[in-house]
2 protein chains.
Amino acid sequence: MLDKSHKHVTCSTCLSRSNSLLGGLCTDEVSNLENHRSCNLFKKNQSLFLEGSFPRGVFCINQGKVKVFKRGDEGKEQIIHIAKEGEIVGFRAMFSEEVYNVAAETLEESNICYIAKDDFLNMIDTNAALRNGIMKELSKELADRASFITNMAQKSVRERLAFALILLEKIYEPEPINLSREDMANFVGTATETLIRLLKDFKEEGLIEVHTRKMTVTNAKKLIDIAGK
Amino acid sequence: MLDKSHKHVTCSTCLSRSNSLLGGLCTDEVSNLENHRSCNLFKKNQSLFLEGSFPRGVFCINQGKVKVFKRGDEGKEQIIHIAKEGEIVGFRAMFSEEVYNVAAETLEESNICYIAKDDFLNMIDTNAALRNGIMKELSKELADRASFITNMAQKSVRERLAFALILLEKIYEPEPINLSREDMANFVGTATETLIRLLKDFKEEGLIEVHTRKMTVTNAKKLIDIAGK
DNA sequence: TTTAAAAAGTGATTAACATCATTTTTTCAA
DNA sequence: TTGAAAAAATGATGTTAATCACTTTTTAAA
């Protein structure tokens with residue numbers, strides 16, 4: 001259970017994180033940001049935004065995890081990204097001036113701040129460093145997704161699962177990975193049953209430890225080896 | 001064979017295209033651009049840049065087609081994007097300040113201009129509209145790639161091929177699609193043999209017409225139907 | 001025009017993975 | 001604490017698509 005006091009954190013908590021896009025703001029800008037954001041406690045599995053809706057602002061994750069996903073023809077989710085503390089979610093569609101083509105939902109109880117579209121765009125217009133940071137971020141994600149596509153096309157499910165576990169470990173550390181089998185399957189891009197069978201294999205091979213929902217990587221080297229480059 | 005005179009086109013030819021990122025430049029900026037770009041005729045299958053190399057500038061396609069691809073573990077190409085006339089290729093890695101994570105190569109004889117990194121970045125710094133256009137473009141591509149990933153994960157090869165043919169038709173029109181079976185397979189994300197068999201099916205179902213390398217879509221409606229949403 | 005080489009096409013076989021049906025375990029609210 | 005619902009796990013089966021081995025056709029260079 002998340003401490004309720006998290007509901008009123010200062011922005012600096014978030015901005016000090018190594019992965020924060022807004023890390024380079026000056027004191028004035030930070031206090032301005034403090035005045036323009038609203039902070040909310042989100043329950044587990046609560047939606048931040050839906051595919052097809054218009055963006056009205058961005059979400060800054062102070063505490064918790066958020067899945068960004070797209071639904072395929074039959075409604076099955078494909079998880080594109082899992083965002084953690086310090087990340088900003090939902091700003092991509094704002095630039096494209098189109099509706100969201102993905103949806104976002106909390107994976108656990110989370111503390112998330114909201115910055116209205118205009119305030120966010122203002123910040124960007126007046127801050128070249130921030131702008132560059134965002135362009136850099138967009139480009140990096142584009143690169144990530146090229147790799148994602150290539151992995152989906154060319155790697156086996158076993159290889160992709162190994163790859164996913166390495167990624168998830170980094171996202172969740174120092175906590176154990178904590179995802180439902182279905183979400184994990186939707187991240188790897190496979191059927192839940194197949195994922196469960198492969199997890200069992202990895203467990204038996206001593207690569208991971210599983211305690212119901214929670215799992216930890218015990219042999220990252222081997223997993224990286226299985227995942228391929 | 002491409003007319004040699006294409007080697008010395010004016011930028012306005014490119015910029016007038018509907019898909020041009022640089023469409024919004026003013027007269028001064030265009031003439032400045034004319035002075036800073038160099039134009040070259042590229043042979044078929046000529047490399048623009050390699051995965052792992054540092055970006056030194058961007059490529060503006062005046063005439064021709066370029067595949068943007070990534071190699072998987074075993075060297076197999078996954079084509080991420082096929083760029084046509086008017087598109088700018090190779091600017092994403094410039095923002096991320098990292099090496100290219102994809103490679104680019106002409107699919108046919110092409111006329112392509114080169115703009116050095118500094119000149120391009122200068123243009124962006126001094127032109128807010130261009131900057132916004134680029135951010136918009138990056139965001140749109142991010143959305144495209146989320147769909148690409150979801151398609152790879154959830155659609156059958158037959159569905160993906162139908163989808164690819166619809167895309168390729170738009171890229172190549174008014175010309176017929178002109179891609180090797182291998183390239184097409186690497187775009188769809190399948191084995192060449194599988195692609196060939198499915199093309200045959202589509203041909204027999206009257207959805208496409210094939211003349212050796214060249215093919216045209218004869219029943220787009222049905223293909224869209226097969227592709228799914 | 002001829003002829004290597006590359007690309008396209010075919011057939012047989014196999015492996016990976018999805019799907020469906022069902023059981024077991026875990027979770028969580030009454 | 002209990003019982004119903006959700007999630008996880010297991011087994012059997014079917015399908016898709018990869019792989020391999022080979023033939024035919026097309027391309028492009030001598």
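Letters go in sequence order (proteins before strands), and every chain restarts at 1.
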Using atom NZ of B:K155 as one end and atom P of C:dA18 as the other, report the distance to the nearest whole Å. 16 Å
Send over the distance from A:R160 CZ to C:dC17 P, rounded to a whole Å. 7 Å
Taken to the nearest whole Å, CG/A:N186 to P/C:dA18 is 11 Å
Every protein N/O lying under 3.5 Å from an N/O of nucleotides 6-9 of chain D:
{"from": "D:dA8", "atom 1": "OP1", "to": "A:R181", "atom 2": "N", "distance (Å)": "3.3"}
{"from": "D:dA8", "atom 1": "OP2", "to": "A:R181", "atom 2": "N", "distance (Å)": "3.1"}
{"from": "D:dA9", "atom 1": "OP1", "to": "A:R181", "atom 2": "NH2", "distance (Å)": "3.3"}
{"from": "D:dA9", "atom 1": "OP2", "to": "A:R181", "atom 2": "NE", "distance (Å)": "2.7"}
{"from": "D:dA9", "atom 1": "OP2", "to": "A:R181", "atom 2": "NH2", "distance (Å)": "3.3"}

Scan B:R181, B:K76, B:Q78 and name whichever one has a side chain to side chain donor-acceptor pair (under 3.5 Å) with B:N186. B:K76
Distance-only donor-acceptor check, side chains A:E87 and A:H81, under 3.5 Å: yes
Here's one to test your reading of the geometry: is the NZ or CZ of A:K65 within 45 degrees of the ring axis of A:Y172 and under 6.0 Å from its centre? yes
Whole-Å distance, B:M215 CE to C:dA8 C1', equals 11 Å
Measuring to OP1 and OP2 of D:dA17, would you say a side-chain N or O of B:T190 lies under 4.0 angstrom away? no
Comparing nearest nucleotides in DNA chain C, the 5'-proximal residue of the pair B:N45, B:R197 is B:N45
What's the NZ-C1' distance between B:K44 and D:dA28, to the nearest Å? 11 Å
Quickly work out the B:M184 CE to C:dG9 P distance and round it to whole Å. 10 Å
Separation of atom CD in B:E74 from atom C1' in D:dT19, rounded to whole Å: 13 Å
Exercise: do A:R160 and A:N151 side chains pair donor with acceptor under 3.5 Å: no
Partner residues of B:E77 under the salt bridge (Lys or Arg N to Asp or Glu O under 4.0 Å) criterion, sequence neighbours left out: B:K67, B:R71
Would B:V68 and B:L48 count as a side-chain contact (heavy atoms from CB on, under 4.5 Å) here? Give the steps. CA-CA 10 Å; B:V68 176; B:L48 305 197; over 6 Å; no
Grab the NZ-C1' distance between B:K214 and D:dT25 for me, whole Å please. 17 Å
